[in-house]
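Below you'll find the structure, written out as structure tokens, and then a few comments.
So you know, we letter chains A, B, ... as the sequences are listed, proteins then strands, and number each from 1. This is a predicted model, so every value here is computed, not measured.
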Amino acid sequence: MPELPEVETIATGVHRQLRGDTILSVWFSRYREPFKTPPDEMAAALCNRRIRQVRRVGKHIVFDLEPTPQASASFRPRIQWTVHLGMSGRLLIATPRSPEMRHTHAVLHLGSGRELRFVDPRRFGRLSLEPGDFQGPGTEPLAVSLADFTALFRGRKLSIKAALLNQSLLHGVGNIYADESLFRAGIRPTRPAGRLTRAELGRLRTALRAVLRAAIRAGGSSVSDYVDAEGSKGFFQVQHRVYGCKGKPCRVCGMPIRRIVLAGRGTHFCPRCQE
DNA sequence: ATACCGACCTGTCAGC
DNA sequence: TGCTGACAGGTCGGTA
């Protein structure tokens, strides 16, 4: 389940491998779900583009594209192709001889002879064409100042957990890192976001940045493995302290970790350490 | 405007 | 063994 650290790791890996490569032709599956832009329009815009940069914005992977010298002069100079992996989306760099996995929904044929494949069994992923200034829906959690972070939650009645998941506030935080950062900050997920003290918001911002950075470091150690081949190895190196730990003793106080449903999501916390 | 909830999807796994 | 149902969750659209 790709959240900010996973998307960052994938974007970095794809950037390293594909920067400077060109898109010659594109194939899309028949499923319409992955396309926020009509497939024909997207295919026409992607062909004869050079990959200038691949990076992460929120949970989106953004391909900055520029025309190849051969492209017609009517091409817009710069466009962006964005990939959202949803729950189960993957990007694979393959050769034409690599067997095609089930649920492959897009294949970009590249000038180097390689292929970039988008595989997404559950089809929650989305592909989109952007005019060239894609910003994402919310604020970047790794760059937000304390003042801006505090302002995001002011006056809000929804739970802090739901607020962290709201991509139009902060983008990039998903269920795992919401739970993990709330645990590290000692804040119960059910607390109304607007009722948190300045001190608590400060702890939460610090915890969120720390856990995201640690996860990026962990994922970063196996970037090429992920992009090349099967695994999502790197992402399991992260030590979860509450997520998926229902009933296990809290690492700090020993109380059993509780699981409730909040904002429609499984939510994990320590009933003693988080108040 | 804000908040909440079901729908969308398929693979996995517990339980029978 | 093979089946059934619950569960996983990012995002969107409908509703209060």
Provide, to the nearest angstrom, the distance between the NZ atom belonging to A/K161 and the P atom belonging to C/dG10. 9 Å
Hey, does the side chain of A/H103 come within less than 4.0 Å of B/dC9's phosphate (OP1/OP2), counting only N and O? no
Measure CD/A/E6 against P/C/dA8 and give the value in whole Å, please. 18 Å
A/R56 side chain vs A/G58 backbone, donor-acceptor pair below 3.5 Å: yes
Please state how far atom CG in A/L262 lies from atom C1' in C/dG10, giving the value in whole angstrom units. 16 Å
Measuring to OP1 and OP2 of B/dT10, would you say a side-chain N or O of A/R123 lies under 4.0 angstrom away? yes
Check this one for me: any side-chain N or O of A/R259 less than 4.0 Å away from OP1 or OP2 of C/dA8? yes
I need the CG-C1' distance between A/L85 and B/dC8, as an integer number of Å. 17 Å
Flag the pair A/T206 / A/F149 as yes when at least one side-chain heavy-atom distance between them is below 4.5 Å, and no otherwise. no
Rounded to whole Å, the CZ-P distance (A/R265 to C/dT11) equals 10 Å
Think A/Q167 has a side-chain N or O under 4.0 angstrom from the OP1 or OP2 of C/dG10? no
Please state how far atom CZ in A/R122 lies from atom P in C/dA8, giving the value in whole angstrom units. 11 Å
If only side-chain N and O atoms of A/K59 are considered, is one of them under 4.0 Å from the OP1 or OP2 phosphate oxygen of C/dT11? yes
In whole angstrom, what separates A/R90's CZ from B/dT10's P? 17 Å
Measure the distance from OH on A/Y243 to C1' on C/dG10 and round it to the nearest whole Å. 12 Å
Choosing from B/dG11, B/dA3, C/dG10, which nucleotide comes nearest the side chain of A/N175? C/dG10
According to a strict under-4.0 Å criterion, is A/R102 in side-chain N/O contact with OP1 or OP2 of B/dG11? yes
List the residues meeting side-chain contact (heavy atoms from CB on, under 4.5 Å) with A/Q167, not counting sequence neighbours, and say none if there are none. A/K59, A/P137, A/H171
Geometric class of the A/F63/A/W81 ring pair [parallel <30°, tilted 30-60°, perpendicular >60°]: tilted
Could you tell me whether the phosphate oxygens of C/dG10, OP1 or OP2, come under 4.0 Å of any side-chain nitrogen or oxygen in A/R126? no
Could you pull out every donor-acceptor pair under 3.5 Å between side chains of residues 251-262 of chain A and any protein atom, sequence neighbours left out?
none

